[in-house]
Every structure is written in structure tokens, then in C-alpha cells.
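Everything below concerns the one structure shown next.
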Amino acid sequence: MAAESTPEPAIAEPGTIEPRRRGRGRRRKAPSTGRKAMRATAWTAAGVVVLGGAGAGYVYFKLNGNIHSVDINQALGTDRPTKIDNGSENILVLGSDTRSGKNKKLGGGTDDGSARSDTAMIVHVYEGHEKASVVSIPRDTLVDRPQCTDTQGTAHSAASGVMFNEAYSTGGAACAVKTVESITGIRMDHYLEVDFEGFQRLIDDLGGVRVTTTKDIRDPQSHLDLKAGPHTLTGEQALGLVRTRHGVGDGSDLGRIQLQQAFIKALIDQVKHVGVFSNPKKLYDLADTATKAVTTDSELGSVNALMDFAGSLKGIGSSQMKMVTMPVEYDPANPNRVLLAKAKAQLVWNALKNDGPIPASATEGTATGEAKGVVS
């Protein structure tokens with residue numbers, strides 16, 4: 001990937017801190033409100049880049065070379081929903097459960113080189129970029145997948161009544177975006193993907209994430225064993241928490257989504273407390289991990305683009321973020337699958353199209369898990 005022109009260096013070389021003088025008896029100035037407001041999420045790992053991606057020289061080229069991007073727009077062509085030009089943005093964020101390479105040990109399963117979208121969220125950033133709504137898409141939702149072409153140019157036939165996460169395993173990022181746009185009627189402006197290994201390393205580099213569990217959670221399948229009470233989760237534990245289905249609740253994907261949403265809010269609050277500005281080495285390590293962890297659409301495929309994007313989200317904290325699950329109902333023919341509750345889902349899509357709040361009526365009476373409140 002060709003490097004773009006870069007600004008003056010803003011990051012010291014990793015491991016070094018520029019000395020500065022202080023008057024005798026003067027108290028160190030507290031971090032500014034702006035710095036405290038710098039926050040981001042794992043599901044937008046690009047958010048961490050804004051903390052450490054503003055360097056030049058070696059640092060810039062190193063970070064820029066880490067980023068992997070895919071040209072979604074070229075693969076999807078012009079047969080897409082019209083972009084709504086009201087200042088809002090819609091981002092499809094996927095956590096992929098590839099079983100290849102180092103991810104096999106973390107995710108289990110067969111090392112067949114395949115991958116599925118283990119986690120899927122539509123992030124709607126409102127005009128002004130001061131608040132957001134997040135809509136989680138249950139991977140077990142049975143959908144009609146449209147015909148799509150992947151980023152390698154291979155066409156894939158449409159399919160009816162297939163699980164949502166099959167779109168990604170069939171045609172990768174492009175087919176996942178195509179399916180979401182078909183379901184919602186909303187154009188996805190950007191795409192971000194994080195895999196197992198990247199997520200785990202990111203949490204470890206942050207120094208863990210603090211949560212409190214109200215119940216014991218034990219799931220050997222996701223290598224998780226937590227007693228009720230406060231915890232600082234390691235990367236492995238955090239990965240186990242956002243993936244567990246059998247450790248708590250009814251064992252459903254809907255319950256797992258409730259755990260994911262609670263963890264994401266805890267992560268956002270954690271990032272703002274990490275002292276990376278006073279520690280260039282930590283800042284660089286976070287930026288290095290974040291840029292290695294993500295796959296983006298081509299428009300976000302550079303450090304400069306990720307910086308600009310993440311910088312526009314810096315004012316959005318957990319209290320400015322509403323999180324819901326796409327309205328679904330249990331499939332009468334298979335309790336392990338869910339179906340789109342079309343009328344209620346349309347209330348969600350209409351709200352996002354109009355850059356308005358998601359009404360409470362959109363999720364009332366829909367299927368839900370049994371893990372709400374287990375993690376705070």
C-alpha cells in the first residue's frame with residue numbers, strides 16, 4: 001500500500017519520553033478534558049489508532065503497512081441503497097471467528113481456513129458525531145442472502161433461509177455488507193473487522209478491562225471461569241466472555257449478545273483511563289496492535305484515514321451510546337434459530353435512515369436472552 005504524505009511527527013520513538021522542565025513546587029497539570037474524552041471500542045479497533053497513529057517517519061510507515069483493507073465499493077458496484085447525506089454514518093463491524101493460523105487455538109474448531117462472522121453490529125453515528133446507536137445482529141438469524149460478488153470477483157448465488165453468518169463464510173466482507181444492506185435498506189459507509197487474535201492482543205495491551213459479574217460464569221468451551229464479583233479481564237478472558245453461550249443464561253446467541261454489549265461499554269470506559277499520552281511506548285504498542293487487528297474498507301485503509309475517522313468519534317462515550325439487538329422472534333421450527341421480526345425491525349431501520357432515536361417500541365415483545373445484568 002502506497003504511503004500518503006504525512007504531518008510532522010507527533011509521536012516520540014517507541015520507548016522514549018522527551019524531557020521537560022517543571023518549576024519547583026508546581027503541581028503537574030491534570031489531563032485536559034479533551035484527552036479524557038479520547039475513547040474508542042474494540043469493535044472499532046480503529047478508535048485506538050487515534051491514540052497512537054499520528055506519527056511520521058518509521059512509525060507512520062510501520063503502522064500504515066500493518067493495515068489490511070478490502071475494496072467493498074468495487075465488489076458491490078452500484079446496486080446498493082442510496083447514501084443518506086445527512087451527516088450521519090453507518091459502519092458494519094464484524095468479529096470474525098476464522099479457524100486458521102493462531103486463531104484456531106483461540107476459537108477451536110477445524111482448521112479449514114474458513115471463517116464466519118462471530119459478532120456483527122451496525123454502528124450508526126448521528127449527525128454531529130456526539131452519540132451513536134448500535135444494533136447487534138444475531139448470527140443465528142435465518143435470512144435470505146442476496147446474490148453477491150466477493151472482493152476476488154467470484155459471484156455467489158442467492159440463498160434463502162440461511163444463517164446470517166453464512167454470508168461472510170460464503171463471500172467474505174463484500175457478501176456480509178451486501179446481506180446487511182439487503183436486510184436494512186441502509187447503505188453501509190464503512191466496514192471494520194477484528195479477528196480472535198487481534199481482539200485478545202488489544203485487550204492485553206490495554207492492561208485488561210474491568211468488569212463486575214453478578215453470577216458465576218463457567219464455560220470450558222470458551223476457556224472461561226469467573227466467580228461473581230469484580231475482575232480485570234485478560235485478553236483471553238475477555239475473548240471467552242464475548243463468545244460464551246453456555247456459561248450463563250439460556251445458552252442462546254441472544255444472551256451472548258447481551259454480554260457483548262455490556263463488555264463493549266466497559267471497554268469504552270476503560271480506554272479513557274489508560275495513560276497512553278504519558279507513555280510513548282504504550283501508545284505505540286496500542287497503535288501497532290490496533291492496526292494489525294483490523295481489516296477495513298479501502299476508504300479507511302491508511303493511518304491518516306483511520307485517524308480522521310476515529311477522531312470524529314472521540315466524544316462518544318458509553319453514556320452516549322444506545323445498544324439494542326435487531327428485533328427477532330424464535331423460529332417455531334427450530335428453537336436454536338431466530339427470524340427477523342420485520343415490522344419491528346423496520347422501526348429500527350426507519351429511525352437510522354432519519355438519523356433519529358430508536359423507539360422503545362421497536363424491541364418490546366421481541367426475543368431476548370437471559371444474560372442482561374450479568375456483566376456491568
Side-chain angles (χ1 to χ4, degrees), residues 41 43-44 81-84 86-95 117 119-146 161 163-165 167 176-190 249-250 252-265 268 316-332 335 337-375:
T41 65
W43 42 268
T44 58
T82 303
K83 178 176 175 57
I84 302 174
N86 59 7
S88 66
E89 284 191 296
N90 296 291
I91 306 102
L92 177 62
V93 179
L94 294 184
S117 53
T119 303
M121 297 178 175
I122 299 170
V123 181
H124 177 83
V125 182
Y126 290 90
E127 180 184 9
H129 290 213
E130 295 180 348
K131 59 182 180 177
S133 285
V134 179
V135 182
S136 297
I137 302 177
R139 67 179 188 178
D140 293 341
T141 308
L142 298 180
V143 301
D144 293 334
R145 176 174 53 77
M163 287 174 56
F164 169 77
N165 69 344
V177 172
K178 184 76 171 180
T179 301
V180 169
E181 292 185 343
S182 175
I183 293 171
T184 65
I186 300 172
R187 186 184 182 103
M188 295 296 108
D189 299 299
H190 294 298
D250 57 0
S252 71
D253 189 37
L254 298 176
R256 186 178 65 144
I257 285 174
Q258 292 173 322
L259 296 176
Q260 291 172 351
Q261 292 174 343
F263 177 81
I264 287 169
K265 288 199 169 189
I268 294 172
I316 302 176
S318 61
S319 61
Q320 291 85 39
M321 183 176 294
K322 180 179 178 63
M323 306 191 79
V324 302
T325 300
M326 182 178 75
V328 293
E329 55 194 25
Y330 289 108
D331 180 7
R337 301 288 179 264
V338 293
L339 305 172
L340 183 67
K342 293 183 179 180
K344 288 187 173 291
Q346 195 58 51
L347 296 176
V348 176
W349 314 143
N350 289 343
L352 300 189
K353 288 177 184 177
N354 295 318
D355 203 35
I358 296 173
S361 59
T363 54
E364 289 176 352
T366 57
T368 184
E370 297 179 5
K372 186 174 183 179
V374 173
V375 173

- request: Given side chain to side chain contact (heavy atoms under 4.5 Å, CB included), test Leu259 with Val374 step by step and report yes or no.
  value: CA-CA 7 Å; Leu259 296 176; Val374 173; 4.1 Å; yes

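- Scored by the side chain to side chain contact (heavy atoms under 4.5 Å, CB included) test, Ser182 finds Pro146 as partners (sequence neighbours excluded).
- Asp355 CG to Glu89 CD: the interatomic distance, rounded to the nearest 0.5 Å, is 11.0 Å.
- Annotation for Ser361 and Leu347: closest pair OG-CD1, 3.9 Å, computed over non-hydrogen atoms.
- Ile91 CD1 to Met121 CE: the interatomic distance, rounded to the nearest 0.5 Å, is 13.0 Å.
- Atom CG of Asn90 and atom NE2 of His124 lie 5.5 Å apart (nearest 0.5 Å).
- The CE atom of Met323 sits 10.0 Å away from the CD1 atom of Ile257 when rounded to the nearest 0.5 Å.
- Here CG of Leu340 is found 11.5 Å from CZ of Phe164. Values are rounded to the nearest 0.5 Å.
- Within a 6.0 Å radius of CD in Glu130, other residues, nucleotides and ligands contribute 12 heavy atoms or fewer.
- No donor-acceptor distance shorter than 3.5 angstrom exists from the side chain of Asp253 to the backbone of Pro138, with no hydrogens or angles considered.
- Nearest heavy atom pair, residue Tyr126 against residue Gly356, reads OH-O, 2.9 Å.
- The two residues Ile358 and Val135 have their closest heavy-atom pair at CD1-CG2, 4.0 Å.
- Contact of the Val328 side chain with the Leu254 side chain is registered, since non-hydrogen atoms from C-beta on lie closer than 4.5 Å.
- Within the structure, salt bridge (Lys or Arg N to Asp or Glu O under 4.0 Å) contacts touching residues 178-190 (residues at least two apart or in different chains) are Asp79-Lys178, Arg80-Glu181, Lys83-Asp189.
- No side-chain heavy atom of Ile122 sits less than 4.5 Å from a side-chain heavy atom of Met326.
- Under a 3.5 Å cut-off, the side chain of Gln261 and the backbone N or O of Val324 do form a donor-acceptor pair.
- Surrounding NZ of Lys372 are at most 12 heavy atoms belonging to other residues, nucleotides or ligands under 6.0 Å away.
- Here the CE-OG distance, from Met321 to Ser319, works out to 9.5 Å after rounding to the nearest 0.5 Å.
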field: CA sep, side-chain torsions, deciding dist, call: Lys353, Ile84, side chain to side chain contact (heavy atoms under 4.5 Å, CB included)
entry: CA-CA 7 Å; Lys353 288 177 184 177; Ile84 302 174; 3.8 Å; yes

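- Listed for the Asp144 side chain is a donor-acceptor partner under 3.5 Å among the backbone atoms of Gly161.
- Side-chain contact between Thr119 and Ser136: absent, with no pair of heavy atoms (C-beta onward) separated by less than 4.5 Å.
- Pairing each heavy atom of Tyr330 with each of Ala367, the nearest pair is CE1-CB, 3.6 Å.
- Heavy-atom minimum distance, Gly255 versus Ala371: O-CB, 3.4 Å.
- Contact record, Met163 with Asp140: CE-OD1, 3.0 Å, taken as the closest heavy-atom pair.
- Gln346 places no side-chain N or O within 3.5 Å of a backbone atom of Ala343 that could act as its donor or acceptor partner.
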